[in-house]
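Worksheet: one structure, shown below.
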Amino acid sequence: MKEPLDLTPLTQSIHDYLLSYLSPFWTTTVEWVIIGVLLIAFVALSVMGLVYIERKVAAFFQLRLGPNRVGKWGLLQTLADFLKLLMKEHITSKNADKFLFNLAPFIIVIASFLAIGAIPFALGLQAMDINIGLFYITAASSIGVLGILIGGWAGNNKYSLIGALRSGAQVVSYEISAVLSLLTIVVLSGSLQLSTIIESQSDGWWIFKGHLPVFIAFIMFLIAGTAETNRGPFDLAEAESELTAGFHTEYSGIKFAMFFLAEYVNLFIIAAVGATVFLGGWMPFHIGNWAAFNEVMNYIPPVIWFFFKVGFVIGLIMWFKWTFPRLRIDQLLVLEWKYLLPINLVNLIVVAFIAMMGWYF
Amino acid sequence: MDNESLKAKIAQWVPDAEFEETGTSKAQLLNAIITPDKLLEVAEKLRNEDGMKYDFMYCLTCVDFPEHFMMVYHLRSSETWNELVLKVKIEDKEKPEVETLCHIWRTAEYHEREVYDLFGVVFKNHPDLRRILLDEEWEGYPLRKDYADPVNMISL
Amino acid sequence: MIEEVETKDAIKTQEYFVNMGPQHPSTHGVLRLMLELDGEIIKKVTPHIGYIHRSIEKMSEKDSYRQIVHLTDRMDYLSNHMNNEAVCLLVENALEVEVSDRVKVIRTIMSELTRLSSHQLWWGVMGMDLGALTTFLYAFRDREMINDIFEETCGARLTVNYNVPGGVMFDIHPNFQQRVKDFIKSFKTKLPEYDDLLSNNVIFRQRTEGVGILSKEDAISYGVTGPTGRASGFSNDTRKHKPYSAYDRVEFKEILMDKGDTFSRYKARILEMWESVSIIEQLIDNIPEGDIQEPSVKQVIKLPKGEFYQSVETARGELGVYVVSDGQKSPYRLKFRSPGFSNLFVLDHMVRGYKIADLVAMMSTIDLVIPDIDR
Amino acid sequence: MERLIFYILALTIILFSVMTVTSRNILRAAIYLLFVLLATAGIYFLLNYNFLAAVQLTVYSGGVVVLIVFAVLLTAKIDHKLEPVNKVKSALTALLAIIGLGAILWAVFGYNFTGNGMAEGAYDVKAIGSSLLSYGQYGYVLPFEVISILLLAAMVGAIMIAKRYKND
């Protein structure tokens, strides 16, 4: 049977090559720079891609064509928009708290960059594979809400303030559900390390192996993840029909672009975590003992598998956004505290029982 | 209740009321013209008296005649769809004043503000008598016939 | 700006004011609402209007009756045809002129098409106000067909100016009947789609049901007409009670609801679209022959001395035209009783104690068109 | 390399600690505190205590600071400034802080630290989990449960206080 393409030798050889020329201190430094540049380039490109896809998806749902003028099929539209945002004037209102106002976009972007470092893109292609990877991602992304909170406050605009308060209440509550639904898989695989979680799915993804409880956990994770990224139908923090643009009403130009960037990075992270934990990360799709079929699947490189799954989850989340009306703030909190949280707790106990009895495949 | 008995009833309440019929030959509307001091009493009776129940005021406006202001209240009963036009003749053109009806028909509150804004008729006991369409600083009352705005008005 | 209110349990809570508008996505124009908020809960709403006041009533005192018809397009631009019709009917009634049956039927069909197009736009915007952005384009897809029909027959898509005193401006386009029938056929398949997308959505139901209840008494007292009032059980359909044009020869139901909440107001309009479709279906196949303009109406119209009132049912409610004529070629005083003006001011009464998001939903179900309010 | 990063983190902690207590804008103080906590998490990462570092990030940065900021958003206005502390007070406080620092340094340098023989490196989450819930020797189940009940009591109390004011 063909082994999945392992990228560890590649990274190892780069490391050895650098080490042969430089001292260990400089090797580490150069590696950091390489990883940083690669991640930033990847994020910039993937966000542009995501914005383009989002527009096309929206257009598909709304019987439109979407961007189709700049570049082939409008592919360069997002680049053009990005350049436009880059060149726009930075407007800071007179009564704003300037330090915090300018700090907020950075906090939110840095938080999402911290989290993306631990995402396993393929076998051996992961910036850091720490033993508490999943915990680390949730921890890092929990800082992001601070950016929304202080950004909404510092602009000295009442719409922003309401948006920030809504967002704070929302993200803090839904984080619990997101973490609890992820915990089901931690219980089953017995590890927080992302590479181990993926390894545990080599004979089947958890969503298939774990029966109904894991499927429920996946649904819960999708709902909580959508809410955590402030996307429709949970986009109360922005709610353009109520609060014009919510917490980023006062932002313009590149600072607005950073909020925009962070939103899509967070979307990517949520989808990547969901794909890694529930859908087997870069693991190919296998069916029982169909050897020939499995062999063919193995020929598709892990990176493609990973992005395919991430794309699937992102597609689901976009589907929500473009069909559902928005919830009201009290309904949002009722949904979390009265429905999702109890279901998740019971579900976690059920999964723990299943894991104890070994009733999964 | 037909127009004749309605006329008799109102004449009973307000002996000096004048009556006229307006509209086309197909659709006649009874107009009852009374003085401002009787307005509140008549309005309350029209709203509450059995057999009348003019509970829907569908139009409230004012007309600036050369000698007087005429407040025009179009009333309708939401059950029988009977209609009546109640008019109040305000003789004092310098300081037009009339009682507010906004506690009888809630819709009157905003229509009265509009009349105040455009005609300058002051409604006594109105809870919130401010200009509604124009600026607070606007001078004059544009729908009066003698209103002239030399800067912005294009006269034909 | 911020007012500190001492509450009895000695916790200081701040009530604060938020200006919603005059530039705001969900006020649908230049309406300014001053909200008095306690957190997210609305304590008071003060509407400020007049940002698009064009003194149509004053202008009318200088214009001839034929000119006034054109001004009315610009009031409630979504009920343009019905507004024209109101003035034309008033002039015809005052002159005691009877228009031909053909004109009556054409006017009725056009009015109902206008009502449909207005309700479609409302439906799209309602979804958008609640965060379902897709509805807007679905509604515009269907509205486009009506606009095309208008364009072909009237030469304009929005400000159609199709009615003139004594008839209509042109005869209908030869394609008119076929295109209307095509539209009706396709729209009957699209209306259930509206229900699938929005009316039956769980979130939408949660957001609208039992929210913003307006009782029948309040609806009457506040003079709330149109579907907004009928959702509270206030029977106020001018088409039923004082039929004009061809409404006395068609069968249709007046949609009456009893709950008076946001969802009833929504549902009333959806059902009203079905009624409009049925009215058009009854008339489209038998448009009688006849003059399209009554020859006895002269170019310069002078109304007899007197006072006249004519009301029509627009998409928003009862539009009344009150004219005091002194026998000249222009009215001595003309007053438009616009439905939006009365409907807007019930907002404060309805919304107290609800949240900002509910305010937006209620505002959509009142279906405000700001030029109609300001005139 | 590690030494360099340590110095950067240490400097950040000292700098922002001072800024936290001297800032007159309450929300800025909260944000400076966030930087202190983040740098502390960085030091834990440097020591390979990944679990503790992630806990620091979740509980302090993502939890405590968010709550502080939330409370500030609900109560403070943007132009609200704290009153400046008078000079005698700040001098006294500085003196106390220096004495405290001296005491800690004296204690740290005076104690002869010896290695406990445990292997350096990442600690297993499993080991932390089982010792947290074990009731044998060095088991933490009693403190764990006591703290849980304390937190529950605090939560119920908070809800009761909030409820009572609402009903009045």
Side-chain angles (χ1 to χ4, degrees), chain A residues 23-29 32 93 95-97 99-101 103-104 107 110-111 114-115 118 128 130-150 152-158 160-162 164-165 167-169 171-172 175 179 186 190-193 247, chain D residues 1-5 19 23-35 37-38 41-42 44-45 48-81 121-130 159:
Chain A
S23 65
F25 174 82
W26 285 108
T27 309
T28 324
T29 314
W32 282 2
S93 59
N95 294 322
D97 188 327
F99 170 66
L100 293 179
F101 185 78
L103 181 74
I107 290 186
I110 288 171
L114 279 177
M128 48 182 187
I130 48 180
N131 59 344
I132 49 146
L134 204 55
F135 188 21
Y136 168 77
I137 290 177
T138 54
S141 55
S142 71
I143 304 170
V145 64
L146 273 170
I148 294 179
L149 281 174
I150 64 170
W153 188 79
N156 198 11
N157 178 321
K158 284 168 191 165
S160 313
L161 184 62
I162 298 172
L165 285 171
S167 167
V171 176
V172 170
E175 214 167 69
V179 171
V186 174
S191 174
L192 283 165
Q193 194 163 12
F247 65 93
Chain D
M1 186 76 194
E2 290 192 351
R3 193 165 280 257
L4 183 71
I5 294 173
M19 283 171 84
S23 169
R24 280 176 58 204
N25 183 327
I26 187 157
L27 193 67
R28 283 197 191 183
I31 298 304
Y32 296 143
L33 180 66
L34 169 75
F35 290 146
L37 297 171
L38 285 182
Y44 290 146
F45 271 119
N48 248 342
Y49 285 154
N50 287 342
F51 183 76
L52 195 57
V55 168
Q56 172 88 5
L57 277 182
T58 325
V59 174
Y60 286 100
S61 315
V64 172
V65 175
V66 167
L67 279 184
I68 292 174
V69 169
F70 214 79
V72 172
L73 292 200
L74 284 172
T75 51
K77 278 191 279 182
I78 195 152
D79 44 6
H80 184 253
K81 286 256 191 298
Y123 281 96
D124 194 6
V125 186
K126 257 185 193 160
I128 297 172
S130 24
I159 291 169

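Throughout, a chain's letter reflects where its sequence line sits, starting with A, and its residues are numbered from 1. Please read all numbers here as calculations on a predicted model, not as lab measurements.
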Please classify the contact between [X] and chain A as side chain, backbone, both or neither, with a heavy-atom cut-off of under 4.5 Å.
X: D:V55; answer: both
X: D:L38; answer: side chain
X: D:I5; answer: side chain

Exercise. Heavy-atom distance under 4.5 Å to chain D: side chain of A:L161, backbone, both or neither?
Worked result: side chain
Exercise. Checking heavy atoms, do the side chain of A:A111, its backbone, both or neither come under 4.5 Å from chain D?
Worked result: neither
Exercise. Is any side-chain heavy atom of A:I150 less than 4.5 Å from a side-chain heavy atom of D:V69?
Worked result: yes
For this session: Select, from A:L114, A:L103, A:L146, the one with the greatest count of heavy-atom pairs under 4.5 Å involving chain D.
Result: A:L146
Problem set entry | Minimal non-hydrogen separation, A:A139 against D:A54, with atom names | CB-O, 3.6 Å
For this session: Please assess A:I107 against D:L34 for the test side chain to side chain contact (heavy atoms under 4.5 Å, CB included), listing each intermediate value before the final yes or no.
Result: CA-CA 11 Å; A:I107 290 186; D:L34 169 75; 4.3 Å; yes
Spatial distance of atom [atom1] ([X]) from atom [atom2] ([Y]) [nearest 0.5 Å]:
X: D:N50; Y: A:F135; atom1: CG; atom2: CZ; result: 11.0 Å
X: D:I68; Y: A:L149; atom1: CD1; atom2: CG; result: 12.0 Å
X: D:N25; Y: A:L100; atom1: CG; atom2: CG; result: 6.5 Å
X: D:Y60; Y: A:S142; atom1: OH; atom2: OG; result: 14.0 Å

For this session: I would like to know whether A:I143 and D:L57 meet side chain to side chain contact (heavy atoms under 4.5 Å, CB included); could you show each step before the answer?
Result: CA-CA 8 Å; A:I143 304 170; D:L57 277 182; 3.6 Å; yes
Exercise. Relative to each other, are the rings of A:Y136 and D:F45 parallel, tilted or perpendicular (30° and 60° limits)?
Worked result: perpendicular
